[in-house]
Colleague: 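Mind having a look at this structure? Questions to follow.
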Amino acid sequence: SKRPANHQWKLSDFEIGTPLGRGKFGRVYLAREKNTEYMVALKMMFKSELVKDHMEHQVRREIEIQTHLNHPNILKMLTYFWNEKTICLILEFAQEGELFKVLNSQPHKRFDEPTAAYYLRQVADALRYCHSQSVIHRDIKPENLLLFSHHVIKLADFGWSVHAPSKSRNTMCGTIDYLPPEMVDSQTYNEYVDNWCLGVLCYEFLCGSPPFESSEQAETFRKIRAVMYGFKSHMSESSSQLISKLLVKVPKSRLSLTDVIRHPWVKTNCEIFT
Ligand SMILES: COc1ccc(C(=O)Nc2ccccc2)cc1NC(=O)CCSCc1cnc2[nH]ccc2c1
């Protein structure tokens, strides 16, 4: 291509297309790089917004993390640049879109077991990689997963931007359904929160709603603290057994990510899938 390797990217290198989503700090657009016609997601954030919320250090830290994460199931930040008013992140574009929309468009708003297992294994892989890079709390939930072709899932991690009210659960601080007991109680968390969230995610993939969902927030917290949930009749014994090994109150007693990937339900269903 005509560009030198050390080319300084700028907004005019891209043709801006349709909006893909909105965050608290900015908007995401479909964009096309003019030379290669490569499609990307361009996330434009306003410095004024970031400074007002003292987020500038956060952006630096986040960009530092994102540029060092390299895994097939983690959305890549391809580059970033800024000018006096805005910071732009150039991110991979997921042509199949946000997973929570795909989930909600399924016949019973749930995935069949092979699909659920194939998606779960990819998320477990991404989390295992994050933990190996001592990055935790990747905030996994269907809203933060993007779907590519061939059923490839990537952890999109919508950064610190808070979603504008959207069809997905628009509780004011994002969904509480994925919070583990230790975060409901004492706000401390370690990498085992991700194992809990994986159990909630697997349940939601198979049932169409999260295990502790209730009409009242207080009721949801009560159920989470008591690990009180039930399996649906259509769920296989093997999938229920995996979920029951992840939704465990004591963080260190939760099934490890490696054992999730090795679990018979995951292995059997992924064989069918691949
Ligand atoms: C690696 O990813 C990211 C890295 C950083 C940030 C971020 O905002 N960081 C931040 C912001 C402010 C303060 C501090 C830190 C966000 C993302 N990722 C997304 O935002 C995903 C949706 S944009 C992509 C995308 C692609 N493909 C699609 N297909 C359909 C929709 C769609 C949407």
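Start at 1 and go down the list; that is how both ligands and their atoms are numbered. Counting from 1, the numbers follow the sequence of the chain as shown.
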Colleague: Just let me know how L146 lines up against ligand 1, side chain, backbone, both or neither, with a heavy-atom cut-off below 4.0 Å.
Modeller: side chain
Colleague: Do ligand 1 and A94 have nitrogen or oxygen atoms that lie under 3.5 Å from each other?
Modeller: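 It does: an N or O of A94 is found under 3.5 Å from an N or O of ligand 1.
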Colleague: Tell me, please, which residues at least two apart from D112 pass salt bridge (charged side-chain N to carboxylate O under 4.0 Å, His left out).
Modeller: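 With sequence neighbours excluded, D112 shows a salt bridge (charged side-chain N to carboxylate O under 4.0 Å, His left out) to no residue whatsoever.
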Colleague: Would you say Y129 has more than 12 foreign heavy atoms packed within less than 6.0 Å of its OH?
Modeller: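 For Y129, atom OH is crowded (more than 12 foreign heavy atoms under 6.0 Å).
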Colleague: Should you measure from each heavy atom of G97, which atoms of ligand 1 turn up under 4.0 Å away?
Modeller: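 That gives atoms 29 (N), 30 (C) of ligand 1.
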Colleague: Determine whether more than 12 heavy atoms belonging to other residues, nucleotides or ligands lie under 6.0 Å from atom NZ of K223.
Modeller: yes
Colleague: For E92, take its heavy atoms, then give the atoms of ligand 1 lying under 4.0 Å from any of them.
Modeller: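 So the atoms of ligand 1 that pass are 26 (C), 27 (N).
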Colleague: Mind telling me whether W82 and Y80 have parallel, tilted or perpendicular rings, with 30° and 60° as the class edges?
Modeller: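 Ring orientation of Y80 relative to W82: parallel.
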Colleague: Backbone or side chain, does any N or O of K43 fall under 3.5 Å from an N or O of ligand 1?
Modeller: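 Right, the criterion is met.
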Colleague: Considering the options K245, Q241, R121, which one meets the side chain to side chain donor-acceptor pair (under 3.5 Å) requirement together with H263?
Modeller: Q241
Colleague: By number and element, which atoms of ligand 1 are closer than 4.0 Å to a non-hydrogen atom of A41?
Modeller: 24 (C), 25 (C), 26 (C)
Colleague: Backbone or side chain, does any N or O of A156 fall under 3.5 Å from an N or O of ligand 1?
Modeller: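 So ligand 1 has an N or O lying under 3.5 Å from an N or O of A156.
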Colleague: What atoms of ligand 1 come closer than 4.0 angstrom to any heavy atom of Q66?
Modeller: 1 (C), 4 (C)
Colleague: Going from CD1 on I140 to CG on L198, what distance comes out if it is rounded to the nearest 0.5 angstrom?
Modeller: 4.5 Å
Colleague: Under a 4.0 angstrom heavy-atom cut-off, which atoms of ligand 1 come close to V28?
Modeller: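 Counting from 1, the qualifying ligand atoms are 23 (S).
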Colleague: How many angstroms lie between CD in Q8 and CG in N6, if you round to the nearest 0.5 Å?
Modeller: 7.0 Å
Colleague: Which atoms of ligand 1 are found less than 4.0 Å from any heavy atom of M45?
Modeller: 11 (C), 12 (C)
